[in-house]
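Below: one structure, written as structure tokens.
All residue numbers refer to positions in the sequence shown, counting from 1.
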Amino acid sequence: MSEQIPHRRQRCPALTRLRLFGALLLAVGVAAFAQEQRPLRFAVLESWTMPMMQFVDGQATTGILYDLQMRLAQKIGRSAELVVMPRLRLQRTLVRGEVDVHCYANPYWLQESHHQYIWSLPLLVQHDLIVGRSAEPDFTLEKLSGQHLGTVLGYSYPSLQALFDSARIHREDVRTQALALEKLEAGRYRYALSNNLSLDWFNRHRSKAKQLHALGEISSDLIYCLVRDAPDVPTQALLGALVQMTQDGELEAILARYR
């Protein structure tokens, strides 16, 4: 009885080349798909001023939030589209799901829960301050009684809302935070409200004699990003990238550039 010699399978060069060509086409297709993915839409408020964001001819060019959003999109391999809007249109835009990410937000600042969005972990703390032209060591909130207070249109100040409602103090709304501080400097009113980052930026290139002064803190709020939870948004990748940027010191490096 003769011994059976196993048949050795021969590799077909044409078939191998066909498989390699198919793999190459697939890789090219995946890369093309990634390139064709639409940009991530970031909500940008036109009332933002430096150090948060600077606009030149209506286009955002630099600032803390500009750098954060550009880097966040880059980390997940997408481009960023900055959707500029008035502060008062933000609520409607979120309800309609017309943006994918909104950074520099706090749940208490929004009138609705926006269940279609997920809150990130906190990124930093904002301190809201009463600001004056000169130092007042004995300052108390009672000094605000009857005063017109420099405020930003559309901004919420929950800790002072009862005083506004009772007309014990009066809002003097302007379009941007920087304009509120400029009007305070010019003597249009005695006091204004400002967050700590904007006040530090305003004083940055002024001599000590011309700097505005923080007289008291009315609130401190954790700052988050809102990320839309939808199939066409890499929600978890964005949330993870924000955590990584915080842990790796990238966010702190961005903040340091504008101090």
Side-chain angles (χ1 to χ4, degrees), residues 37-55 58-128 151-158 175-178 195-198 219-246 250-252 254-255 258:
Q37 286 181 309
R38 67 167 178 80
L40 290 170
R41 300 166 301 175
F42 289 86
V44 171
L45 304 185
E46 63 182 17
S47 60
W48 283 342
T49 52
M50 289 296 284
M52 308 318 300
M53 195 167 286
Q54 176 175 284
F55 295 92
Q59 299 294 316
T61 59
T62 189
I64 292 171
L65 294 179
Y66 179 85
D67 291 358
L68 169 63
Q69 291 167 168
M70 294 298 107
R71 180 58 180 145
L72 184 56
Q74 182 187 42
K75 285 180 75 70
I76 61 167
R78 299 276 281 269
S79 60
E81 176 187 350
L82 305 186
V83 184
V84 182
M85 68 191 73
R87 174 83 183 186
L88 294 175
R89 206 179 83 200
L90 176 63
Q91 300 279 357
R92 184 169 69 251
T93 300
L94 293 173
V95 168
R96 294 177 178 175
E98 294 174 346
V99 291
D100 304 313
V101 184
H102 171 50
C103 287
Y104 218 83
N106 181 284
Y108 293 108
W109 300 351
L110 301 177
Q111 298 168 2
E112 301 186 37
S113 62
H114 302 296
H115 60 275
Q116 67 270 48
Y117 288 82
I118 297 177
W119 289 94
S120 72
L121 292 176
L123 304 178
L124 58 122
V125 179
Q126 172 181 288
H127 302 278
D128 280 329
T151 53
V152 181
L153 181 66
Y155 277 30
S156 172
Y157 306 97
R175 192 173 59 85
T176 70
Q177 182 69 84
N195 64 72
N196 58 306
L197 292 171
S198 295
S219 65
S220 60
D221 297 306
L222 292 172
I223 301 300
Y224 307 80
C225 287
L226 273 171
V227 181
R228 192 163 66 92
D229 189 18
D232 63 331
V233 180
T235 308
Q236 294 305 318
L238 285 164
L239 293 169
L242 286 166
V243 172
Q244 188 180 47
M245 289 180 69
T246 302
E250 284 193 77
L251 179 58
E252 180 56 36
I254 290 172
L255 292 170
Y258 298 95

How about Tyr104 and Leu68: do any of their side-chain heavy atoms sit closer than 4.5 Å?
no
One pair to check against side-chain contact (heavy atoms from CB on, under 4.5 Å): Tyr66 and Ile254. What are the steps and the verdict?
CA-CA 10 Å; Tyr66 179 85; Ile254 290 172; over 6 Å; no
Any side-chain heavy atom of Met52 sitting closer than 4.5 Å to one from Leu45?
no
All salt bridge (charged side-chain N to carboxylate O under 4.0 Å, His left out) counterparts of Glu81, not counting sequence neighbours
none
Can you tell me which residue pairs pass the ring pair (Phe, Tyr, Trp, His ring centres under 6.0 Å) test with a partner in residues 222-241, sequence neighbours excluded?
Trp119-Tyr224
Should Ser47 and Leu153 count as side-chain neighbours, where that means a heavy-atom distance under 4.5 Å?
no
Rounding to 0.5 Å, atoms OG (Ser120) and CG (Leu226) come to a distance of 7.5 Å
Check step by step if side-chain contact (heavy atoms from CB on, under 4.5 Å) holds for Met85 and Val99.
CA-CA 11 Å; Met85 68 191 73; Val99 291; 4.1 Å; yes
To the nearest 0.5 Å, what is the distance between CE on Met53 and OG1 on Thr176?
14.0 Å
side-chain contact (heavy atoms from CB on, under 4.5 Å) evaluation trace for Leu94 with Gln116
CA-CA 9 Å; Leu94 293 173; Gln116 67 270 48; 5.8 Å; no
Distance (rounded to the nearest 0.5 Å) between Ser79 OG and Gln37 CD:
9.5 Å
Decide yes or no for Leu65 and Val44: does some side-chain heavy atom of the first lie under 4.5 Å from some side-chain heavy atom of the second?
no
Leu82 and Phe55, any side-chain heavy atoms less than 4.5 Å apart:
no
Would you sort out whether Leu222 and Tyr108 count as a side-chain contact (heavy atoms from CB on, under 4.5 Å), showing the intermediate values?
CA-CA 10 Å; Leu222 292 172; Tyr108 293 108; over 6 Å; no
Could you tabulate the donor-acceptor pairs under 3.5 Å formed by side-chain atoms of residues 229-246, not counting sequence neighbours?
unit_1, atom_1, unit_2, atom_2, d
Asp232, OD1, Arg228, NH2, 3.1
Asp232, OD2, Arg38, NH2, 2.8
Asp232, OD2, Arg228, NH2, 3.1
Thr235, OG1, Arg228, O, 2.8
Thr235, OG1, Val233, O, 3.3
Gln244, OE1, Lys75, NZ, 2.9
Thr246, OG1, Leu242, O, 3.0

